[in-house]
Amino acid sequence: MRTSRAGLAVAVSVLVVATAPAAATTPDPLAPYLTQRVEWGACPFKGEQARCARITVPRDWAAPAAGKDLKVAISRAAATGERRGAILVNPGGPGGQGTSLAGVLASLEPAVNAHYDFVGMDPRGTGQEGGDDAGFVCHVPTGRLPAEDDLDARDRSPASIALHQRTPRAVAEACQSDALAPFITTWQTTHDMDLIRALLGDGKLNYLGYSYGTWLGAKYASLFPEHAGRIVLDSSVDFEGRLQAAFEAFPKIDQRQFDRVYAPWLARRFPDQLGRTVADVKKNWERVRAYFRTQGVSPDVFDHVFVGNGSPKQWLVGALILTKGLAALDGKPVPPSDDLDRVARLEFGRPAARLTAADVAPAEPDYADVGGTRLAVACGDQPTRAATWYKLLSDLQGPQYPLFGWAYGLSEPCGYWSDPPRHPLPTLSPEAAKNVLVVQGEFDPQTGYEQAESAARAAGVPMVSVADSPFHGQYAVSGNSCVDGLVSGYFLGAPRPAATICPGVPLPGEKQVFPVVGPAGDAPEQQAPEPEPRDALSSTRQRLQDRISAVNRGD
């Protein structure tokens, strides 16, 4: 793949304009962006130790003088001590807003914040977190959506398949009809990132990204290797391969997490309600699925509760739905549980004891307005595959991974995306790769372990693996002192860690780790110490992990 001439020209222009005045006879189209004043003020969201601003970026970095400018919201939790630079943070998505992330991470990792600004960004197309700007929204004509509300992807009849495919086609066509769609891409966002670096006055930009944010950070380092500082990619996609492959792997990694980790956990936590073995749990899961269908919840919607199950909150919501469903079927009460009660109050507004199956019934999604950034990036960064290919993928994945394998290939809008990508995205050069570190949980259901491993191997970078971890997001959010010590140490100047396997931490409501055979292997005691509890900040970490998982589920 050839390097984009437009991208190279912009990179060179940014470097030149930053160091020398433009020729008097040839106004530089980038000068207005590079010379703008950043006005820091109060953030439109509460409770964070950050200041916010909005900067102006060109609609198209390949033609800065053409088209209407865009606004990008940024935030900064300034270094509290001797400043060494900035760490730009991204929660993933694509389409996740990241301005509130800066203050949260600064509070969770004060030793790092002592020397670095944590800088957040609401990427182009996402509007402004907490503000009135909703960003790039695709308005889907409701008349094009299926009227059938009892969809079950296990039904392989032609009529069922046709109904399933109506929604992704309508969503893709609605998004592509917006003139902004071609300019909401990773290539464009990386150039916004480099503008942020220049406006901060830094020669290097350090970076921490989760999920899709790993793709974004890797592509920034690939396009701007001379400006890339220390890059940490947490819960990683295969940034050396295809971004769409991350979504295509959901059926496999979701089924693995459900079978090997989630169902055994349910059997340990709720044996009298859900069963004492994995087989019993799965049998009762099917019973509850059938029950909610009689209550007007389509099987596809029920299944989706357990897809991308990457945070303690989502695990507990699933447990509430299952236990309340079985209570309706069998009359077995759910025993008191502090963590179930916490999530019940947070998610449903009442204590768990007062909830019924009707209260926790999953809601049908509303497709009238769809955030366009996820689709514009996921489908527009690289060439897509046809809907017929995704249908075949569904046929292949369904029997192996029934939790989501039947549905995924029938629900992917990228199968109907017709616009070709405008700019190539290179892989990491040796210069860019030398400062990159990957962090990955073994049973992450949103970015598969094998994807992260493949990317790290192809790029020649080390990976910190977290044995037995089933959640999405590790550094600063999982309470794992092994991971936090390695990553914080790297940001603070220690050598980049070698490949390491950190032990996992106990699952919700448990006090020990139950090891599971998986792709990461075991954590040798001599390689990594046992994680230590960090209970003082556990609620903040839980909320952040819940949010990172939700952003990358599309909630």
Side-chain angles (χ1 to χ4, degrees), residues 1-39 53-74 86 88 90 94-95 98-99 119-128 133 135-136 176 178-205 207 215-217 219-228 372-373 376-377 380-382 419-426 432:
M1 186 178 287
R2 295 183 296 111
T3 302
S4 164
R5 290 190 176 186
L8 182 60
V10 170
V12 171
S13 296
V14 170
L15 182 61
V16 170
V17 171
T19 56
T25 58
T26 309
D28 193 305
L30 294 177
Y33 307 104
L34 287 160
T35 57
Q36 66 183 295
R37 182 181 179 85
V38 181
E39 300 286 350
R54 300 189 84 190
I55 61 171
T56 301
V57 302
R59 182 183 70 160
D60 184 2
W61 280 97
K68 185 179 179 180
D69 286 341
L70 304 178
K71 291 288 188 180
V72 169
I74 60 175
L88 183 69
N90 182 276
T99 46
V119 175
M121 172 177 66
D122 297 337
R124 59 170 55 209
T126 66
Q128 183 180 28
D133 183 358
F136 173 32
Q176 287 183 100
D178 194 302
L180 188 59
F183 307 102
I184 307 298
T185 65
T186 296
W187 188 90
Q188 299 284 359
T189 300
T190 60
H191 288 76
D192 297 343
M193 292 165 61
D194 206 54
L195 174 63
I196 293 170
R197 175 202 58 78
L199 293 175
L200 291 172
D202 293 333
K204 299 280 187 181
L205 183 66
Y207 181 83
W215 176 269
L216 179 62
K219 296 312 174 187
Y220 175 79
S222 300
L223 288 163
F224 298 94
E226 71 279 14
H227 293 156
T373 301
V377 172
D381 268 8
Q382 295 172 312
D419 294 341
R422 296 190 173 199
H423 305 288
L425 292 169

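Bear in mind the structure is a predicted one, so any value in this text is a computation, not a measurement.
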*Listed by chain and number, what are the ring pair (Phe, Tyr, Trp, His ring centres under 6.0 Å) partners of Y220, not counting sequence neighbours?*
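Testing Y220 for ring pair (Phe, Tyr, Trp, His ring centres under 6.0 Å), a comparison that skips the adjacent residues, returns F224.
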I'd like to check the salt bridge (charged side-chain N to carboxylate O under 4.0 Å, His left out) partners of [X]; sequence neighbours left out, ordered by chain and number.
| X | value |
| --- | --- |
| D192 | R124 |
| R59 | none |
| D202 | R83 |
| D178 | none |

Those residues that, when tested against [X], pass side-chain hydrogen bond (donor to acceptor under 3.5 Å, both in side chains) (two or more places apart):
| X | value |
| --- | --- |
| N90 | none |
| Y207 | none |
| K71 | T56 |
| Q176 | S418 |

What's the shortest heavy-atom distance between [X] and [Y], and which atoms?
| X | Y | answer |
| --- | --- | --- |
| A62 | H423 | CB-CE1, 3.7 Å |
| D122 | G98 | OD1-N, 3.0 Å |
| A376 | F136 | CB-CE2, 4.0 Å |
| T189 | P123 | CG2-CB, 4.2 Å |
| A73 | G127 | CB-O, 4.3 Å |
| P64 | L30 | CG-CD2, 3.7 Å |

*Partners meeting side-chain contact (heavy atoms from CB on, under 4.5 Å) with P182 (sequence neighbours left out)*: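 Testing P182 for side-chain contact (heavy atoms from CB on, under 4.5 Å), a comparison that skips the adjacent residues, returns R422.
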*Partners of T186 by side-chain contact (heavy atoms from CB on, under 4.5 Å), sequence neighbours excluded?*
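Counting only residues at least two positions away or on another chain, T186 forms a side-chain contact (heavy atoms from CB on, under 4.5 Å) with T190, Y212, W215, L216, K219, V377, D381, L425.
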*Among V38, D133, L70, the one residue meeting side chain to side chain contact (heavy atoms under 4.5 Å, CB included) with R54*: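 With R54 as partner, side chain to side chain contact (heavy atoms under 4.5 Å, CB included) holds for just one option, D133.
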*Could you point out which residue of L200, I74, L34 forms a side chain to side chain contact (heavy atoms under 4.5 Å, CB included) with L195?*
L34
*Are H191 and D194 side-chain neighbours, meaning at least one heavy-atom pair lies under 4.5 Å?*
no
*Kindly indicate whether the side chain of Q128, heavy atoms from C-beta on, has any atom under 4.5 Å from the side chain of T99.*
no
*Output, in order, the C-alpha distance, side-chain angles, deciding distance and verdict of side chain to side chain contact (heavy atoms under 4.5 Å, CB included) for M121 and V72.*
CA-CA 7 Å; M121 172 177 66; V72 169; 3.8 Å; yes
